[in-house]
Amino acid sequence: MIDREIGFRIMNLRLDRGYSRECLAELAGISSKFLFEIERRAKGFSATTLINLADALEVSPDYIMKGYIDLKIQGEIAEILGKFELKSLEKVEKLLNIAYDLAHYD
């Protein structure tokens with residue numbers, strides 16, 4: 001059995017991306033039945049499957065496994081944001097939201 005939160009995160013990411021179970025399974029190179037079992041926490045999966053799912057969902061494997069990204073990456077992002085003047089952070093936030101939307105536009 002896998003951690004129940006992992007299957008839940010995968011399912012939520014899939015739904016957030018607007019993917020059917022069949023679509024995500026195809027992108028990750030697994031069967032839709034196997035993906036169903038992963039989401040329902042009935043089956044574990046290999047590191048290769050984890051990487052394929054993470055790539056298909058455009059998240060880090062850390063996020064799927066832990067629910068957050070590596071703290072080193074967060075620290076690097078915080079360091080970059082710290083270089084901006086306080087008054088310009090609202091613009092930076094808008095740009096980041098645009099970048100996110102562009103990265104998830106199909």
Side-chain angles (χ1 to χ4, degrees):
M1 295 285 272
I2 62 172
D3 180 312
R4 61 186 318 155
E5 294 299 314
I6 295 170
F8 187 69
R9 267 192 296 281
I10 291 169
M11 183 177 66
N12 281 334
L13 287 164
R14 175 176 63 77
L15 294 172
D16 183 56
R17 305 293 188 273
Y19 293 154
S20 67
R21 189 171 287 121
E22 292 75 19
C23 177
L24 177 58
E26 184 177 327
L27 290 170
I30 60 176
S31 72
S32 59
K33 181 180 186 295
F34 184 41
L35 178 57
F36 173 81
E37 292 169 337
I38 290 171
E39 289 182 350
R40 299 292 176 222
R41 297 152 309 274
K43 294 261 183 170
F45 50 89
S46 70
T48 300
T49 299
L50 171 64
I51 290 168
N52 291 344
L53 284 167
D55 287 347
L57 293 165
E58 299 178 339
V59 296
S60 72
D62 276 354
Y63 183 78
I64 290 176
M65 297 303 291
K66 301 178 198 173
Y68 55 88
I69 61 173
D70 185 279
L71 291 178
K72 180 181 176 197
I73 293 170
Q74 289 178 341
E76 291 169 359
I77 293 170
E79 184 178 329
I80 293 168
L81 290 174
K83 294 177 182 179
F84 288 93
E85 293 181 22
L86 192 56
K87 64 183 179 184
S88 64
L89 283 177
E90 187 175 320
K91 291 178 184 176
V92 172
E93 180 183 9
K94 287 179 183 178
L95 287 171
L96 288 172
N97 282 319
I98 291 168
Y100 176 83
D101 290 343
L102 287 173
H104 291 91
Y105 177 77
D106 287 333

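What you see is a predicted model; the values in this text were computed from it and never measured.
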message: One pair to check against side-chain contact (heavy atoms from CB on, under 4.5 Å): Phe45 and Ile10. What are the steps and the verdict?
response: CA-CA 12 Å; Phe45 50 89; Ile10 291 169; 4.2 Å; yes
Search all heavy atoms of [X] against all heavy atoms of [Y] and return the closest pair with its distance.
X     : Y     : answer
Ile6  : Ile64 : CG1-O, 3.7 Å
Ala56 : Leu27 : CB-CB, 3.7 Å
Pro61 : Ala54 : N-CB, 3.8 Å
Ile80 : Phe84 : O-CD1, 3.5 Å

Nearest 0.5 Å please: distance from the [atom1] atom of [X] over to the [atom2] atom of [Y].
X     : Y      : atom1 : atom2 : value
Ser31 : Glu37  : OG    : CD    : 7.0 Å
Leu96 : Asp101 : CG    : CG    : 11.0 Å
Leu89 : Leu95  : CG    : CG    : 11.5 Å
Asn52 : Ser46  : CG    : OG    : 7.5 Å
Leu24 : Arg17  : CG    : CZ    : 10.0 Å
Ser20 : Leu15  : OG    : CG    : 10.0 Å

field: Stepwise side-chain contact (heavy atoms from CB on, under 4.5 Å) check, Met65 with Arg9
entry: CA-CA 9 Å; Met65 297 303 291; Arg9 267 192 296 281; 5.6 Å; no
task: Could you give me the CA-CA distance, side-chain angles and deciding distance for Thr49 and Phe34, then say whether side-chain contact (heavy atoms from CB on, under 4.5 Å) is met?
output: CA-CA 11 Å; Thr49 299; Phe34 184 41; 4.2 Å; yes
- prompt: Under 3.5 Å, side chain of Asp16 to main-chain N/O of Asn12, donor-acceptor pair present?
  reply: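 Not a single qualifying donor-acceptor pair exists.
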message: Checking the side chain of Arg41 only, and the main-chain atoms of Gly7 only, is there a donor and an acceptor separated by less than 3.5 Å?
response: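 Checking the backbone N and O of Gly7 against the side chain of Arg41, no donor-acceptor pair under 3.5 Å is found.
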field: All side chain to side chain contact (heavy atoms under 4.5 Å, CB included) counterparts of Glu85, not counting sequence neighbours
entry: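 If we apply the side chain to side chain contact (heavy atoms under 4.5 Å, CB included) test to Glu85, skipping adjacent residues, the hits are Lys87, Ser88.
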message: Using the rule given for side-chain contact (heavy atoms from CB on, under 4.5 Å), can you reason through Leu13 versus Val59, listing the C-alpha separation, both sets of side-chain angles and the distance that settles it, and then say yes or no?
response: CA-CA 9 Å; Leu13 287 164; Val59 296; 3.9 Å; yes
query: Can Met11 be reached from Tyr19 by stepping across I, L, V, M, F, W or Y side chains whose heavy atoms are under 4.5 Å apart?
result: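 No, because Tyr19 and Met11 fall into different hydrophobic clusters, even though each may have its own neighbours under 4.5 Å.
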task: Verify the cluster assignment for Phe36 and Ile30: are they in a single hydrophobic cluster under the rule of side-chain heavy atoms below 4.5 Å apart?
output: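 No.
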- prompt: Applying salt bridge (charged side-chain N to carboxylate O under 4.0 Å, His left out), which residue pairs with at least one partner in residues 18-27 are found, sequence neighbours left out?
  reply: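 Only Arg21-Glu39 qualify under salt bridge (charged side-chain N to carboxylate O under 4.0 Å, His left out).
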